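Predicted model only: the values in this text are computed from it and were never measured.
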Amino acid sequence: MRPMTDNRFEATYLIETPLDPARVAEVMAGEQSCGTFARVAGETDELRERARAIVTRIEELESVSEPSLPNAWLTRKGVGAPWRRARVAISFPVCNLGANLATLAAVVAGNLYDLGEVTGLRLESIALPWSYRQRFPLPAQGIAGTRRLTGAAKGPLVGSIIKPNVGLSAAQTADLVASLCEAGLDFIKDDEISADPVHAPLAERIPAVMAAVRRHQDKTGKHVMIAFNITDETDAMRRHADLVQREGGSCVMASLNWCGFSAIESLRRSTDLALHGHRNGYGAFSRHPLLGIGFQAYQVLWRLAGVDHMHVHGLQGKFAQEDEEVVTSARDCVTPLTDGADDRVMPAFSSGQWAGTAQATWDAIGHDDLLFMAGGGILAHPGGPKAGVASIRQAWAAVAKGTPIAEAARAHPELQQALDTFSGKAG
């Protein structure tokens with residue numbers, strides 16, 4: 001056993017196996033470094049000292065009577081219950097991979113999922129030494145830069161999503177953005193399924209939308225951050241980001257899982273625009289409790305790629321995640337990866353959010369360094385989008401002061417209308 005040092009990083013896993021968890025942990029360490037748990041020809045003492053992964057902790061948990069996942073290898077061997085669960089920590093040498101994010105992901109989340117010894121395996125967390133973390137980019141904007149660009153010095157950044165998702169022309173999108181800017185938003189984003197469609201190509205949509213943003217800025221002094229969805233192949237994303245920059249924009253968005261680490265790293269190197277990381281598809285990696293990748297580990301990898309914002313869904317929202325998972329995800333985003341620098345990123349709350357979820361969000365995380373995005377909570381407000389934005393700001397101001405939202409609503413008709421309209425309907 002050896003602790004994490006400047007030369008090693010650590011990953012933790014939840015495993016399920018009918019075998020001895022200590023033996024399986026050694027298989028995992030060997031598989032992801034020298035190649036096997038048993039010494040082979042050429043595997044000298046010096047090589048093992050330098051390059052082998054090491055099991056640092058094993059915590060056995062309660063066993064179960066049924067396997068979480070099928071396993072043909074174990075079936076062929078006639079191995080069965082009980083299925084033992086354990087939390088395992090493994091320390092990996094930095095020298096095996098260097099500053100190579102794709103290979104880092106392959107090491108901590110590669111062939112392990114296919115091991116014959118397990119009926120469940122989930123990567124839960126990654127811990128890095130500062131000497132290794134500093135070899136990857138810090139956020140170009142992060143929380144402080146996002147606040148500076150939008151002029152939103154305090155309180156949550158209030159945002160919304162362009163709806164309808166698809167079908168609007170470039171001119172129609174620009175008209176909608178103009179009305180949303182007028183409503184008082186800090187942030188507006190494309191939907192993840194609307195990137196460069198035939199009816200509103202980015203080459204037309206970016207200039208049209210930014211013309212509306214500039215008009216609003218000239219009138220009010222307020223720059224509204226637009227997260228243009230530039231998800232595409234790498235060269236196209238860089239071209240689109242360059243156009244956003246030339247038009248005076250401040251943010252682009254990409255679907256992280258489908259672009260991949262290398263494309264996002266290349267995009268990050270080519271622009272200092274805020275990079276809004278959309279995690280659509282993450283449920284495929286995370287929803288089974290004994291398979292995939294937990295959010296702490298997931299967001300570590302994407303923060304190393306250089307994103308500035310990370311989606312976490314929302315409290316009391318429309319998706320499958322428990323509120324506790326949303327809360328811990330948001331805390332992960334604002335927790336520095338190491339003690340060396342401020343590499344926090346802004347958590348983006350969405351899905352079923354409205355003025356009434358401000359209290360639960362504040363109670364859970366205790367800060368307002370976040371994007372609070374509402375669709376229906378703004379656009380379906382009976383007083384119109386401007387009243388919808390006002391109701392959210394009124395709710396957040398109340399909870400920050402410790403005033404119950406229902407009490408604050410007596411002095412704010414927009415908030416009262418939101419409570420009367422959406423209570424019991426959202427989520």
Side-chain angles (χ1 to χ4, degrees), residues 146-147 149-152 155-195 197 199-200 202 204-230 244 247-253 273-274 276 278 309 311 314 346 348-355 357-358 370-397 412 414-415 417-418 421-422 426:
T146 300
R147 287 196 177 280
L149 289 166
T150 59
L157 274 71
V158 181
S160 193
I161 304 96
I162 293 174
K163 303 286 185 180
N165 300 326
V166 293
L168 298 178
S169 68
Q172 290 170 326
T173 303
D175 288 343
L176 176 57
V177 167
S179 68
L180 293 175
C181 289
E182 191 68 27
L185 289 170
D186 301 306
F187 180 89
I188 302 167
K189 67 175 283 293
D190 284 335
D191 197 76
E192 71 275 6
I193 62 171
S194 180
H199 54 267
L202 284 164
E204 297 176 9
R205 195 166 86 246
I206 291 169
V209 166
M210 286 311 303
V213 171
R214 290 194 299 271
R215 287 194 297 271
H216 181 75
Q217 189 167 357
D218 290 343
K219 179 181 175 182
T220 66
K222 168 74 172 177
H223 171 79
V224 178
M225 179 175 280
I226 311 294
F228 291 98
N229 182 6
I230 64 169
V244 171
E247 291 289 335
S250 56
C251 185
V252 290
M253 179 182 111
L273 295 169
H276 187 81
H278 201 297
H309 311 153
H311 274 238
M346 184 164 272
F349 285 75
S350 62
S351 98
Q353 300 308 285
W354 63 290
T357 58
L370 54 95
L371 276 166
F372 191 81
M373 293 183 289
I378 290 173
L379 300 176
H381 191 285
K386 191 168 188 176
V389 173
S391 72
I392 290 172
R393 295 197 189 281
Q394 291 159 2
W396 274 95
H412 297 292
E414 298 90 349
L415 180 54
Q417 281 184 304
T421 302
F422 301 124

Q. Quick check: does any side chain N or O of Ser194 sit under 3.5 Å from a backbone N or O of Val166, one acting as donor and the other as acceptor?
A.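 No, the answer is negative, given that no donor and acceptor are paired below the 3.5 Å cut-off.
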Q: Using modelled atom types only, decide if a donor and an acceptor are shared between the side chain of Arg214 and the backbone of Glu247 within a distance under 3.5 Å.
A: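 Such a contact is found between Arg214 side chain and Glu247 backbone.
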Can you find a heavy atom in the side chain of [X] that is under 4.5 Å from one in the side chain of [Y]?
{"X": "His199", "Y": "Leu168", "value": "no"}
{"X": "Leu379", "Y": "Pro385", "value": "yes"}
{"X": "Leu180", "Y": "Val224", "value": "no"}
{"X": "Ser169", "Y": "Glu204", "value": "no"}
{"X": "Trp354", "Y": "Thr421", "value": "no"}
{"X": "Asp186", "Y": "Met225", "value": "no"}
{"X": "His309", "Y": "Phe187", "value": "yes"}
{"X": "Glu182", "Y": "Lys219", "value": "yes"}

Between [X] and [Y], what is the shortest heavy-atom contact and its length?
{"X": "Val389", "Y": "Gly184", "answer": "CG1-O, 3.7 Å"}
{"X": "Leu185", "Y": "Ser160", "answer": "CD1-CB, 3.7 Å"}
{"X": "Met210", "Y": "Ile226", "answer": "SD-CG1, 4.5 Å"}
{"X": "His223", "Y": "Ser250", "answer": "NE2-OG, 2.8 Å"}
{"X": "Leu415", "Y": "Ala355", "answer": "CD1-CB, 3.7 Å"}
{"X": "Ala200", "Y": "Arg205", "answer": "O-NH1, 2.7 Å"}

Q) Should Lys386 and Glu414 count as an ion pair when the cut-off is N to O under 4.0 Å? A)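 Glu414 and Lys386: not salt-bridged.
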Measuring from [X]:[atom1] to [Y]:[atom2], what's the distance to the nearest 0.5 Å?
{"X": "Phe228", "Y": "Leu202", "atom1": "CZ", "atom2": "CG", "value": "8.0 Å"}
{"X": "Asp190", "Y": "Cys251", "atom1": "CG", "atom2": "SG", "value": "10.0 Å"}
{"X": "Asp218", "Y": "Arg215", "atom1": "CG", "atom2": "CZ", "value": "9.5 Å"}
{"X": "Phe349", "Y": "Met373", "atom1": "CZ", "atom2": "CE", "value": "10.0 Å"}

Q: Tell me yes or no: between the side chains of Thr357 and Gln353, is some donor less than 3.5 Å from an acceptor?
A: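 Yes, because at least one side-chain N or O of Thr357 sits under 3.5 Å from a partner of the opposite role on Gln353.
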Q: Would you check if there is a donor-acceptor pair between the side chains of His311 and His276 at a distance under 3.5 Å?
A: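 Yes.
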(Q) Please evaluate residues Thr150 and Lys222 with respect to the criterion side-chain contact (heavy atoms from CB on, under 4.5 Å), reporting the C-alpha separation (whole Å), side-chain torsions for both, the decisive distance (0.1 Å), and the verdict. (A) CA-CA 7 Å; Thr150 59; Lys222 168 74 172 177; 4.2 Å; yes
Q: Could you tell me how the ring of Phe372 sits relative to the ring of Trp396: parallel (under 30°), tilted (30 to 60°) or perpendicular (over 60°)?
A: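 It falls in the perpendicular class, over 60°.
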Q. Given the rule in the side-chain contact (heavy atoms from CB on, under 4.5 Å) test, do Leu371 and Lys189 qualify, once you have shown the distances and angles that lead to the verdict?
A. CA-CA 11 Å; Leu371 276 166; Lys189 67 175 283 293; over 6 Å; no
Q.
If we check side chain to side chain contact (heavy atoms under 4.5 Å, CB included) with Ile162, which of these qualifies: Asp191, Val177, Asn229, Val209?
A.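 Between Ile162 and the candidates, side chain to side chain contact (heavy atoms under 4.5 Å, CB included) is satisfied uniquely by Val177.
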